[in-house]
Amino acid sequence: MATKQIIHGIFGDEVPLMEACKKLRASGIRINDVFTPFPVHGIDPIVGVPRTRLAICAFIYGITGTALATLMMWYMMVHDWPNDIGGKPTWGYVFAIPAFIPITFEATVFCAAHGLALTYLLRCWLVPGAKAKNPDPRTTDDKFMIYLELNDEQSKKADEILRSNGAEEVNYKGTITIEPKY
């Protein structure tokens, strides 16, 4: 069993935070998370966060909306109850496609937006009753924090890097035990 120390590096500005992240990564230290009071653009590749796959989900939800809208309009306007609207032929869906474009677009956007919102909320586990994952409430107001889980050797190196890059505080929050994976 291995034990790791939990370290919080608190910064007052995003520029020293980003520099510290770059130096930590360059020295081979894995950054577990970064907490900021507002989005810091460009920090994802510095911290090592991979690209999200939510865009793929949005595309799948959009295609589903397009397919459902097309099926619904074909069934209603061609198969079940054909009506003569503006002289458009009712015996084939292909001939009436221009009339169906707005509904198809709206159904695509509707399904993509709602599906993506639900996927995001469930993926991040932002459901009623979920506990907040923010270890320091000051990061919602004016502080920036790097969250690290390191062994003893790495924690000394990380402490030096954090302090040399302008960390206002370096807090040791205890240890966690890592069970071996068999």
Side-chain angles (χ1 to χ4, degrees), residues 1-65 108-182:
M1 292 193 306
T3 60
K4 293 190 173 188
Q5 291 184 349
I6 298 172
I7 300 172
H8 295 174
I10 308 291
F11 293 85
D13 193 23
E14 72 267 15
V15 175
L17 171 92
M18 291 177 73
E19 289 300 317
C21 288
K22 287 178 188 176
K23 290 185 180 170
L24 285 168
R25 291 276 305 211
S27 65
I29 295 174
R30 181 179 176 273
I31 299 171
N32 290 73
D33 211 343
V34 175
F35 295 90
T36 63
F38 54 82
V40 177
H41 299 287
I43 199 164
D44 290 346
I46 293 172
V47 174
V49 176
R51 269 183 66 85
T52 181
R53 294 181 302 235
L54 286 176
I56 297 168
C57 293
F59 179 75
I60 292 169
Y61 297 139
I63 292 297
T64 303
T108 301
V109 171
F110 179 83
C111 287
H114 286 79
L116 191 58
L118 288 173
T119 300
Y120 177 77
L121 292 173
L122 291 174
R123 179 67 181 96
C124 295
W125 204 245
L126 296 173
V127 293
K131 292 184 179 180
K133 298 175 185 171
N134 191 351
D136 193 338
R138 295 178 296 171
T139 60
T140 62
D141 187 25
D142 63 345
K143 298 294 181 193
F144 300 80
M145 184 181 82
I146 298 175
Y147 178 87
L148 303 168
E149 293 176 1
L150 307 170
N151 58 32
D152 291 333
E153 181 182 307
Q154 289 178 324
S155 63
K156 292 174 187 174
K157 187 189 300 184
D159 188 282
E160 293 173 13
I161 292 171
L162 291 172
R163 291 186 193 278
S164 67
N165 282 289
E168 294 177 358
E169 301 173 24
V170 178
N171 301 323
Y172 290 84
K173 294 294 186 176
T175 60
I176 57 172
T177 304
I178 309 295
E179 297 289 332
K181 296 178 184 176
Y182 294 110

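Keep in mind that this is a model prediction, so the values were computed, not measured.
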Query raised in the report: N134 and T139: side-chain donor and acceptor closer than 3.5 Å?
Result: yes

Query raised in the report: Just by distance, with hydrogens left out, do N151 and E153 show a side-chain donor and acceptor under 3.5 Å apart?
Result: no

Query raised in the report: Distance from I6 atom CD1 to E149 atom CD, nearest 0.5 Å?
Result: 5.5 Å

Query raised in the report: In this structure, are over 12 heavy atoms from other groups packed under 6.0 Å from R123 atom CZ?
Result: no

Report task. Any chance you could measure D142, atom CG, to T36, atom OG1, to the nearest 0.5 Å? Result -> 12.0 Å

Query raised in the report: Strictly by modelled atom types, are D136 and Y147 linked by a side-chain donor-acceptor pair under 3.5 Å?
Result: no

Query raised in the report: How long is the gap from NE2 on H8 to CE on M145, to the nearest 0.5 Å?
Result: 4.5 Å

Requested in this report: With the side chain counted from C-beta on, respond yes when I10 and K143 share a heavy-atom pair under 4.5 Å apart, and no when they do not.
Outcome: yes

Query raised in the report: Nearest 0.5 Å, what's the CD1-CG distance between I161 and L24?
Result: 5.0 Å

Query - Within-4.5 Å side-chain heavy-atom neighbours: K4 and T175 - result: no

Report summary line: Output for pair (F35 CZ, L17 CG), nearest 0.5 Å, gives 12.0 Å

Requested in this report: Mind running side chain to side chain contact (heavy atoms under 4.5 Å, CB included) on L122 and V127 for me, showing each step along the way?
Outcome: CA-CA 7 Å; L122 291 174; V127 293; 4.1 Å; yes

**Report entry** Shortest non-hydrogen separation from I29 to K157 and the atoms involved
**Finding:** CD1-CD, 4.1 Å

Requested in this report: May I ask you to check whether over 12 heavy atoms, not counting those of Y120, lie within 6.0 Å of atom OH?
Outcome: no

**Report entry** Side-chain donor or acceptor of D159 paired with backbone N/O of S155 under 3.5 Å
**Finding:** no

Query raised in the report: Which value, rounded to the nearest 0.5 Å, describes the distance between E19 atom CD and K22 atom NZ?
Result: 4.5 Å

Query - Lys/Arg N to Asp/Glu carboxylate O, E169 vs R138, below 4.0 Å - result: yes

Query raised in the report: Which atom pair, heavy atoms only, marks the closest approach of R25 to I31?
Result: CG-CD1, 3.9 Å

Which donor-acceptor pairs under 3.5 Å do side chains of residues 39-65 form with protein atoms, sequence neighbours excluded?
from: T52; atom 1: OG1; to: L54; atom 2: N; distance (Å): 3.2
from: Y61; atom 1: OH; to: T119; atom 2: OG1; distance (Å): 2.6
from: T64; atom 1: OG1; to: I60; atom 2: O; distance (Å): 2.8

